[in-house]
Amino acid sequence: MDRPLIWNNAKSERSASPWLGQRAHQFSSPSPYFDPTANFDRMVKVAIGRMSGNISPTSLNLAFYDWLIHLLASPSKQQELLIEAARKVFQWNEYDFEIISDDPHAKATSVTPLPQDKRFADPAWQRWPFNIVSQGFLMTQQWWHRATTGIAGVSRHHQDVVNFTVRQIQDMFSPSNFLMTNPVVLNETVSSGGANLVRGALNALRDWQYLAAHKRLPSASEYKVGQNVAVTPGEVVYRNRLIELIQYKPATDAVHETPLLFVPAWIMKYYILDLSPENSLVKYLVDKGYTVFMISWKNPTAEDHDLSLEDYRKLGVMDAMDAVGRITGASQVNAVGYCLGGTLLAIAAAAMARDGDRRLASMTTFAAQVDFKEPGELSLFIDESQIALLEAIMWDQGYLDTRQMAGAFQMLRSNDLIWSRRLNQYLLGLPEPQNDLMAWNSDATRMPYRMHSEYLRKLFLENELAEGAYRSDDHPIALTDIRVPIFSVGTRADHVAPWRSVFKILLLADTEVTFLLTTGGHNAGVVSPPGRPRRSYQITTHDHRDAYIDAQTWVTTTPSHEGSWWPAWEKWLDLHSGKRISPPPLGKSLCPAPGIYVLQP
């Protein structure tokens, strides 16, 4: 998109970029983020983002400067680190000597990896010299953790950024990532005559070709939307600029009178909730006698740059609720929000409560935050500098492609999502595992400029929703106005919406809240059909008159139940879904499910 270096007025901006000109007419009051006089600054940030993988180098530099200058001003901390370094060297040498001398006490001086660190779990790592190499690496990790934490004066955010960045650099140079220092790879290379390295090179070339062509990786090619995922029978019964509304066909002779509306996140395709039939939550509920509706978000393009967070509420949640009421004749709806969809649903529920709209019978949220003060490691990528960079990138494109943020999400679990994948595919030459969840995960979406900027600033950065400052229809809303019963699901290993942050809904909602904590991560914890092994959950119901219990006390005192959490939620849902009636007729079909929006690349 060609632009002059500086635009001095709205007229020149409109002539250079039609969609930016349209925006100038759509805002009643000028926003500093859309000030045409700042376009040169934006172009500089766009260039920086392209070179830095969309991570703000300014933010990183500020964090390391804060850390370094306070470390230099802390001689006691420096002395502590020197002593600790000497102690680690002595411990490593002692371990080396014990291993060489076959001393049975060698374990006493070894470092045990964290429970989630599986890099050195193979017995081959216990052989010399690989045990020495791995122990040296783990001891170095421990020292750097001490070096990047506990320095007086460093801001908490900067400390976390430095610690995280140093950890990523260390993980990059882990001995498990290299042929000559990984005994598992060496064994495979010897036994296969190097065939694993040939297969790995072909895997790397294949991935590069797919990425260069902006295609989905071949691991996802076996799963086709509408063929073996998103196949629960239904019809698209409503469509507007932003959503398609799918109504699923009943599978029972009688259904609950209160319909169920799903509000998925727009950062993902809706079929995370309707994967292959054995993993489909939608099918599970239809088979249980629920009338299920699903919002399918449009994958926005540059033309949708002007869509706001309020548009997502109105064109998404509220228009869908209106359509559900018209089609079924039901006076109330049970609504379910997943991830960002849960946050949006909470905003809509608070606005409805403020306005006296009683159409909501209950609200369920899956891995959704309403308080963003402590959003976990994702906050490492959220500050003024980082948001300014993302806004410039979105200004240039009209949207943010999730591929542009994929690196940040992958780094949160780099050992699992980056390095273990490189090890298995490029060094061991193994084929990538294929399943419906991984196929869905590669089906990326985009986020429009204005909405994502508002989301990052108003919710993440300023935490307006939790503090009663968020405005809907130009009037503030408060979560304490919500009076309908709430069911909130958190997942233990969630790096996107940490369960302790999700748990804060108990502090902010002045109504009955049932909180459930399940094993698994942000996605795999939600996709938890009955019959899966090693699944468990904890659940309690908290009345608004009950005394508050903090998250740590709750998790240590609440009993655990084996199995999937789906039946526990369905039992709660049954209590809020009314009597059984004959299935309502399907709305006028615009096309069969899964519709056309979900197929947009």
Side-chain angles (χ1 to χ4, degrees), residues 53-54 116 203 206-208 210-211 213-231 262 264-282 294-297 299-300 338-342 366-368 376-378 381 399-426 430-447 489 491-498 518-529 532 594 597-601:
N54 306 311
Q116 65 270 24
N203 287 343
R206 175 208 60 194
D207 287 356
W208 179 83
Y210 273 80
L211 292 173
H214 301 288
K215 295 180 180 179
R216 297 177 68 183
L217 291 176
S219 61
S221 61
E222 290 189 6
Y223 293 90
K224 303 291 186 183
V225 177
Q227 295 182 20
N228 47 12
V229 292
V231 294
F262 276 96
W266 50 92
I267 198 174
M268 56 178 70
K269 298 288 181 73
Y270 83 84
Y271 66 93
I272 178 68
L273 299 166
D274 186 27
L275 294 169
S276 52
E278 63 272 15
N279 290 329
S280 172
L281 179 57
V282 169
M294 175 71 69
I295 289 176
S296 175
W297 300 101
N299 199 4
Y338 185 9
C339 186
L340 305 185
F366 299 159
E377 286 191 324
L378 194 59
F381 305 100
Y399 58 83
L400 184 70
D401 195 321
T402 50
R403 291 186 179 90
Q404 295 174 301
M405 285 298 290
F409 284 102
Q410 287 180 334
M411 281 192 292
L412 296 178
R413 295 177 56 202
S414 60
N415 283 336
D416 295 330
L417 301 180
I418 299 177
W419 303 119
S420 67
R421 183 175 183 272
R422 300 294 190 273
L423 169 64
N424 289 328
Q425 290 196 56
Y426 302 159
L430 299 175
E432 186 169 12
Q434 300 185 17
N435 59 56
D436 51 1
L437 187 58
M438 293 180 68
W440 163 85
N441 193 53
S442 69
D443 197 0
T445 58
R446 296 175 290 272
M447 291 165 285
V489 178
T491 59
R492 276 186 176 270
D494 200 328
H495 293 266
V496 179
T518 182
T519 50
H522 187 71
N523 299 320
V526 172
V527 182
S528 182
R532 289 280 185 89
Y597 280 179
V598 73
L599 300 176
Q600 293 173 326

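Small disclaimer: the values here were computed from a predicted structure and weren't measured.
- Side chain of N441 to backbone of L437: no donor-acceptor contact under 3.5 angstrom is found.
- Not a single ring-ring contact (aromatic ring centres under 6.0 Å, His included) links F262 to another residue, sequence neighbours left out.
- Evaluated for a ring pair (Phe, Tyr, Trp, His ring centres under 6.0 Å) with W297, the options W266, Y338, Y271 yield exactly one hit, W266.
- Partners of Y597 according to the side chain to side chain donor-acceptor pair (under 3.5 Å) rule, which considers only residues two or more places apart in sequence or in another chain, do not exist here.
- Considering all non-hydrogen atoms of both residues, V598 and P594 come closest at CG1-O, 3.4 Å.
- Put simply, the side chain of T445 gets close to the backbone of I267: a donor and an acceptor are under 3.5 Å apart.
- The distance from atom CD1 of I272 to atom OG of S280, rounded to the nearest 0.5 Å, is 10.5 Å.
- Applying the side-chain contact (heavy atoms from CB on, under 4.5 Å) test between W440 and each of N435, L275, V225, L273 identifies L275 as the sole match.
- Considering only heavy atoms from C-beta on, L281 comes within 4.5 Å of F366 through its side chain.
- At least one side-chain heavy atom of V282 sits less than 4.5 Å from a side-chain heavy atom of M294.
- Counting heavy atoms from C-beta outward, I295 and Y270 have side chains that stay 4.5 Å or more apart.
- Here the side chains of Q425 and D207 are in contact, with some heavy-atom distance below 4.5 Å.
- Residues passing the side chain to side chain donor-acceptor pair (under 3.5 Å) test with N279, sequence neighbours excluded: D436, R532.
- Nearest heavy-atom pair, G342 versus A368, reported as atom, atom and distance to 0.1 Å: CA-CB, 3.6 Å.
- Counting heavy atoms from C-beta on, the side chains of P601 and N299 never come closer than 4.5 Å.
- Proximity of Y223 to D443: side-chain heavy atoms (C-beta onward) are nowhere separated by under 4.5 Å.
- Annotation: side chain of C339 is in contact with side chain of H522 (closest heavy-atom distance under 4.5 Å).
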